[in-house]
Visitor: 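Attaching a single structure in structure tokens format; questions to follow.
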Amino acid sequence: MEDRMCRGVDSKVFKYFGMLGMFVFALVLGAGAEETVFRRPMERVASMDPLRAASVCESRAISLVYEPLLEVDYFARPYRLKGCLCDLPEMSKDGLVYTFRIRAGAKFQPDKCFQDGQGRAVVAADVVFSLNRLADKKNASSGLWTMDAVKSVEAVDDQTVKIMLKKPLHVFPWLMAMAYAAVIPHEAVEMYGVKFGGVAVGSGPYRLEEWWRNHRMRFRRDPSWRGWGEIKTRPYDEIDYLVVDDVSTQWLMFLSREVDFLGEVSHDNWDAVVGADGKLAGDLERKGVHLHGNPTMTVMYVGINMDDPVLGRNKKLRQALNCAFDGPAWKRFLNNRVEPCDGPVPPGVEGRLETPFAYAFNVEKAKRLVAEAGYPDGIDPKTGKRLEITITVGRANQTAREEVELMQSFYNRIGVRLEPRYMTWNAYLDAVNRGDVTLFMLGWIGDYPDAENFLQLFHSKNVSPGANHGNYRNAAFDKLYDEAMASTDPVVRSEKWRAAQEIVREDCPWIFLHFPKAYSLSWDHVGNYRPTDFPYGTEKHLFRK
């Protein structure tokens with residue numbers, strides 16, 4: 001679903017910006033201004049290697065130091081792309097060739113991996129090296145899929161890169177905005193080898209100054225970064241990511257102003273933060289606290305293993321499970337921080353189907369459907385006992401248990417018994433990948449605002465251990481999906497996406513749970529914060545008021 005500058009300006013900055021640029025730079029940053037630090041809690045970062053940017057927190061940290069070819073415009077809604085390391089690309093008429101040009105002044109930060117210890121200019125060969133490294137199966141990157149459509153990456157000259165695709169892929173530019181596509185110098189990989197993930201040698205706005213694993217990451221602003229001239233406010237000089245696991249401790253640190261930002265209001269602290277009217281509780285607003293709420297590009301669901309001999313063959317039973325799911329009660333339980341889910345594609349995503357969901361919460365319809373499915377009043381005629389379905393959950397904390405208990409109450413209404421099986425997270429993922437589950441709870445965070453990113457979860461080519469963990473297979477769906485992917489007409493593509501969603505919503509391979517909302521807190525001295533689904537490298541836009 002969030003920063004220190006030397007009091008003077010050194011000669012390198014002066015040479016870089018020139019006389020006019022230096023004048024603007026001084027006006028914006030303010031001569032002699034005190035250094036500023038932005039602090040926030042953050043989950044543990046395992047690696048700073050862009051190949052390992054598998055989580056939001058790792059992508060955030062990597063994008064402070066490294067630059068992908070493109071980035072999501074921090075201020076634009078609806079979301080759109082803008083240039084980052086490169087300008088926006090030119091695309092051939094057939095959609096097979098993208099030409100990227102590296103922006104003037106792009107330079108790797110100083111590091112001992114370079115011959116003179118100083119940084120050097122980023123050139124097209126660096127882009128070729130980085131993307132080929134990502135595409136190399138031997139490197140086992142979780143982002144390997146982003147290069148599936150790429151046929152070749154070539155350097156035309158030092159500033160120009162040509163990427164040729166095997167087939168048209170309309171979302172390809174969005175893939176080049178992901179942290180996986182960050183550009184790195186070959187010298188660093190060669191020098192540090194397996195330890196490369198513990199350092200950071202990028203061309204971005206910040207440098208990794210200190211990293212105390214499992215405790216703190218400290219990033220220092222690089223005053224020579226070419227992009228500061230485009231940012232009209234004085235950026236934070238230092239960014240501190242603090243690893244604090246306990247949400248109550250995070251909350252106390254925020255109240256005492258030890259951190260400037262809290263990325264999530266936890267379920268446990270909700271009543272202390274937000275009142276019944278949806279506004280800040282008590283005198284928090286008077287003290288200078290800001291509450292930020294926004295929908296997210298995320299869908300939460302209970303997956304149904306379509307290979308299960310009972311559920312996989314019984315569409316009416318799957319429809320009944322959706323009708324029996326009490327979305328309003330679920331929303332109340334989650335402090336109104338969610339919206340009921342009516343399909344796999346969240347609101348605001350291109351190609352989303354907006355028609356009413358035929359199997360939204362309706363107990364009487366659920367009872368009728370479960371009877372039509374062959375289980376009148378939830379009774380299995382073969383045994384004379386209530387139908388029992390197992391749901392596997394990847395955590396066993398209090399919140400997870402309360403969620404399962406609430407779902408049990410929903411299905412008790414139609415005579416179906418829901419039996420939980422709790423596992424550790426790693427064991428749970430293994431079980432899901434093996435198909436050793438009946439029902440399983442998961443979520444999907446969109447990588448880009450296009451229906452394709454969510455509908456890929458239903459294509460037969462992606463069955464588990466791919467993203468289609470429920471092993472859903474439907475030839476009509478696959479055909480629509482493939483036709484949409486082959487189309488260069490956005491109108492036709494959206495029509496195909498909507499038709500594909502109609503099939504999924506009728507088949508009900510998921511129990512559609514909810515679309516989460518994101519709630520975060522900041523103090524009033526944090527300027528320029530905008531909630532975003534793409535918070536990667538966005539701290540460069542923040543400043544201390």
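For the numbers below, each heavy atom of this structure counts, side chains included, while hydrogens, waters and symmetry mates do not.
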Visitor: Could you measure the distance from the NZ atom of Lys167 to the CG atom of Asp482? Nearest 0.5 Å is fine.
Guide: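 Rounded to the nearest 0.5 Å, the NZ-CG separation comes to 7.0 Å.
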Visitor: May I ask you to decide if Val491's main-chain N or O and Asp489's side chain share a donor-acceptor pair within less than 3.5 Å?
Guide: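 Answer holds: yes.
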Visitor: Would you say the side-chain atoms of Ser409 pair up with the backbone N or O of Leu406, donor to acceptor, closer than 3.5 Å?
Guide: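 A pair under 3.5 Å: yes.
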Visitor: Any donor-acceptor pair under 3.5 Å linking the side chain of Asp342 with the backbone of Phe357?
Guide: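 It does not hold such a pair.
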Visitor: Taking the six-membered ring for Trp, is the centroid-to-centroid distance between Tyr472 and Trp510 below 6.0 Å?
Guide: no
Visitor: Go through the steps to decide whether Tyr519 and Val274 satisfy the test side chain to side chain contact (heavy atoms under 4.5 Å, CB included), and finish with yes or no.
Guide: CA-CA 10 Å; Tyr519 287 91; Val274 182; 5.6 Å; no
Visitor: Please find the pair of heavy atoms, one from Pro516 and one from Thr298, that lie closest to each other, and give the distance.
Guide: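 Reported closest heavy-atom pair: CD-O, 3.2 Å.
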Visitor: Working to the nearest 0.5 Å, report the span between OH of Tyr180 and CG of Asp447.
Guide: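 If I round to the nearest 0.5 Å, the distance is 8.0 Å.
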Visitor: Keeping Arg337 on the side-chain end and Val265 on the backbone end, is there a donor-acceptor pair under 3.5 Å?
Guide: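 Here the side-chain-to-backbone pair exists.
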Visitor: Looking at Asn412, I'd like to know if its CG atom is crowded, meaning that more than 12 non-hydrogen atoms belonging to other residues, nucleotides or ligands lie closer than 6.0 Å.
Guide: yes
Visitor: Check whether any side-chain N or O of Asn462 sits under 3.5 Å from a backbone N or O of Asn468 as a donor-acceptor pair, and report yes or no.
Guide: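 The answer is no, because no donor-acceptor pair under 3.5 Å joins these two groups.
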Visitor: Are the ring centres of Tyr448 and Trp174 closer than 6.0 Å?
Guide: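 No, the ring of Tyr448 stays outside the 6.0 Å limit from the ring of Trp174, centre to centre.
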Visitor: Tell me, with the steps shown, if Glu419 and Gln408 meet side chain to side chain donor-acceptor pair (under 3.5 Å).
Guide: CA-CA 8 Å; Glu419 286 296 319; Gln408 286 174 316; 5.1 Å; no
Visitor: Would you please indicate if the ring centroids of Trp330 and Phe361 are separated by under 6.0 Å?
Guide: no
Visitor: Hey, does the side chain of Asn528 reach the backbone of His541 with a donor-acceptor pair shorter than 3.5 angstrom?
Guide: yes
Visitor: Do the numbers put Arg401 on top of the ring of Tyr422, so that NZ or CZ is under 6.0 Å from the six-membered ring centre and no more than 45° off the axis?
Guide: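 Relative to the ring axis of Tyr422, which defines the angle, Arg401 lies inside both limits.
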Visitor: Under a 4.5 Å cut-off applied to non-hydrogen side-chain atoms, are Thr392 and Asp436 in contact?
Guide: no
Visitor: Could you check whether Asp94 and Ser92, counting side-chain N and O atoms only, form a donor-acceptor pair closer than 3.5 Å?
Guide: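 Their side chains do contain a donor-acceptor pair, which is all the 3.5 Å distance test asks for.
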Visitor: Parallel, tilted or perpendicular, judged at 30° and 60°: which one describes the rings of His290 and His292?
Guide: tilted
Visitor: I'd like to know if Arg473 and Asp307 make a salt bridge, using a cut-off of under 4.0 Å between side-chain N and carboxylate O.
Guide: yes
Visitor: Check side chain to side chain donor-acceptor pair (under 3.5 Å) between Lys331 and all other residues, then give those that pass, not counting sequence neighbours.
Guide: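 Scan of Lys331 (side chain to side chain donor-acceptor pair (under 3.5 Å), adjacent residues dropped) gives Glu339.
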Visitor: Mind checking what makes salt bridge (Lys or Arg N to Asp or Glu O under 4.0 Å) contact with Arg80, not counting sequence neighbours?
Guide: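 By the salt bridge (Lys or Arg N to Asp or Glu O under 4.0 Å) rule, Arg80 matches Asp73.
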Visitor: Do NZ/NE/NH1/NH2 and the carboxylate oxygens of Lys166 and Asp148 come within less than 4.0 Å?
Guide: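 No salt bridge links Lys166 with Asp148.
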Visitor: Strictly by side chain to side chain donor-acceptor pair (under 3.5 Å), give each pair with a member in residues 274-285 just once, sequence neighbours left out.
Guide: Asp283-Arg286
Visitor: Is the shortest side-chain heavy-atom distance between Asn269 and Ser248 below 4.5 Å?
Guide: yes
Visitor: So does Gly351 get a backbone contact from the side chain of Glu452, meaning a donor-acceptor N/O pair under 3.5 Å?
Guide: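 Side chain of Glu452 to backbone of Gly351, a donor-acceptor pair under 3.5 Å: no, none is there.
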Visitor: Report the relative orientation of the aromatic rings in His170 and Trp497; use parallel for angles under 30°, tilted for 30 to 60°, perpendicular for over 60°.
Guide: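 Taking Trp497 first and then His170, their aromatic rings sit tilted (interplane angle of 30° to 60°).
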Visitor: Could you walk me through whether Trp444 and Gln456 pass side chain to side chain contact (heavy atoms under 4.5 Å, CB included), step by step?
Guide: CA-CA 11 Å; Trp444 183 264; Gln456 65 175 310; 3.8 Å; yes
Visitor: Do Arg352 and Glu354 sit within salt-bridge range, that is, some charged N less than 4.0 Å from a carboxylate O?
Guide: yes
Visitor: Check this for me: Glu43, atom CD, are more than 12 non-hydrogen atoms of other residues, nucleotides or ligands nearer than 6.0 Å?
Guide: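 At most 12 heavy atoms, drawn from other residues, nucleotides or ligands, come within 6.0 Å of this atom.
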Visitor: I'd like to know whether Tyr529 forms a side chain to side chain donor-acceptor pair (under 3.5 Å) with Thr538, so could you lay out the CA-CA distance, the side-chain angles of the two residues, the decisive distance to 0.1 Å, and finally the verdict.
Guide: CA-CA 9 Å; Tyr529 175 71; Thr538 57; over 6 Å; no
Visitor: Under the criterion side chain to side chain contact (heavy atoms under 4.5 Å, CB included), I'd like the reasoning laid out for Glu502 against Thr355: C-alpha separation, chi angles, the key distance, then a yes or no.
Guide: CA-CA 9 Å; Glu502 289 281 16; Thr355 57; 3.7 Å; yes
Visitor: So which heavy atom on Met48 is nearest to which on Tyr66, and how close?
Guide: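 The pair with the smallest heavy-atom distance is O-CE1, 3.5 Å.
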Visitor: Using only atom types and a distance under 3.5 Å, with no angle test, would you say the side chain of Asp260 pairs donor to acceptor with the backbone of Val526?
Guide: no
Visitor: Do the side chain of Asn294 and the main chain of Pro531 share a donor and acceptor less than 3.5 angstrom apart?
Guide: no
Visitor: How about Leu321 and Cys508: do any of their side-chain heavy atoms sit closer than 4.5 Å?
Guide: no
Visitor: For Asn471 and Ser464, work out which heavy atoms get closest and say how close.
Guide: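 Nearest heavy atoms, Asn471 then Ser464: OD1-N, 3.1 Å.
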Visitor: Let's go through Thr424 and Asn426 carefully: what are the C-alpha distance in whole Å and the side-chain angles of both, what is the deciding distance for side chain to side chain donor-acceptor pair (under 3.5 Å) to 0.1 Å, and is it a yes or a no?
Guide: CA-CA 6 Å; Thr424 63; Asn426 287 337; over 6 Å; no
Visitor: For a 4.5 angstrom cut-off between non-hydrogen side-chain atoms, does Leu439 reach Arg421?
Guide: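 Of all side-chain heavy-atom pairs linking Arg421 with Leu439, none is under 4.5 Å.
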Visitor: Answer yes or no: is there a side-chain heavy-atom contact under 4.5 Å between Tyr74 and Leu542?
Guide: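 A side-chain contact exists here, since the closest heavy-atom pair is under 4.5 Å.
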Visitor: Has the side chain of Asp377 got a donor or acceptor atom that lies under 3.5 Å from a matching backbone atom of Gly415?
Guide: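 Not a single qualifying donor-acceptor pair exists.
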Visitor: Tell me the closest heavy-atom pair linking Ala135 and Leu144, and the distance in Å.
Guide: O-CD1, 3.3 Å
Visitor: Decide yes or no for Leu369 and Leu317: does some side-chain heavy atom of the first lie under 4.5 Å from some side-chain heavy atom of the second?
Guide: no
Visitor: Can you classify the ring geometry of Phe534 versus Tyr536 as parallel (below 30°), tilted (30 to 60°) or perpendicular (above 60°)?
Guide: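 Rings of Phe534 and Tyr536: perpendicular, over 60°.
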Visitor: Would you please name every residue forming a salt bridge (Lys or Arg N to Asp or Glu O under 4.0 Å) with Glu350, sequence neighbours left out?
Guide: none
Visitor: Does Arg505 have any salt bridge (Lys or Arg N to Asp or Glu O under 4.0 Å) partners at least two apart in sequence or in another chain, and if so, which?
Guide: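 Counting only residues at least two positions away or on another chain, Arg505 forms no salt bridge (Lys or Arg N to Asp or Glu O under 4.0 Å).
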Visitor: Checking side chain to side chain contact (heavy atoms under 4.5 Å, CB included) for the pair Met253/Gln250: CA distance, chi angles, key distance, verdict?
Guide: CA-CA 5 Å; Met253 291 176 69; Gln250 291 181 15; 5.7 Å; no
Visitor: Testing the basics here: between Asn453 and Ile445, what is the closest heavy-atom pair and its distance to 0.1 Å?
Guide: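 Taking Asn453 first and Ile445 second, the nearest heavy atoms are OD1-O, 4.2 Å.
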Visitor: Can you confirm whether Val404 sits close enough to Val393 that some side-chain heavy atom of one is under 4.5 Å from a side-chain heavy atom of the other?
Guide: yes
Visitor: Salt bridge (Lys or Arg N to Asp or Glu O under 4.0 Å) with Lys479: which residues, sequence neighbours excluded?
Guide: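 Glu483.
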Visitor: On the 0 to 90° scale, with breaks at 30° and 60°, tag the Tyr98-Phe172 ring pair as parallel, tilted or perpendicular.
Guide: tilted
Visitor: Out of curiosity, Phe333 CZ to Glu405 CD, how far, rounded to the nearest 0.5 Å?
Guide: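 It comes to 8.5 Å.
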Visitor: Any chance you could measure Lys382, atom NZ, to Tyr375, atom OH, to the nearest 0.5 Å?
Guide: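 Output value for this atom pair is 6.5 Å.
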Visitor: Is there side-chain contact between Leu284 and Leu255, with at least one heavy-atom pair below 4.5 Å?
Guide: yes
Visitor: For the residue pair Arg318 and Arg313, what are the closest heavy atoms and their distance?
Guide: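 Smallest interatomic distance, heavy atoms only, reads NH1-N, 4.2 Å.
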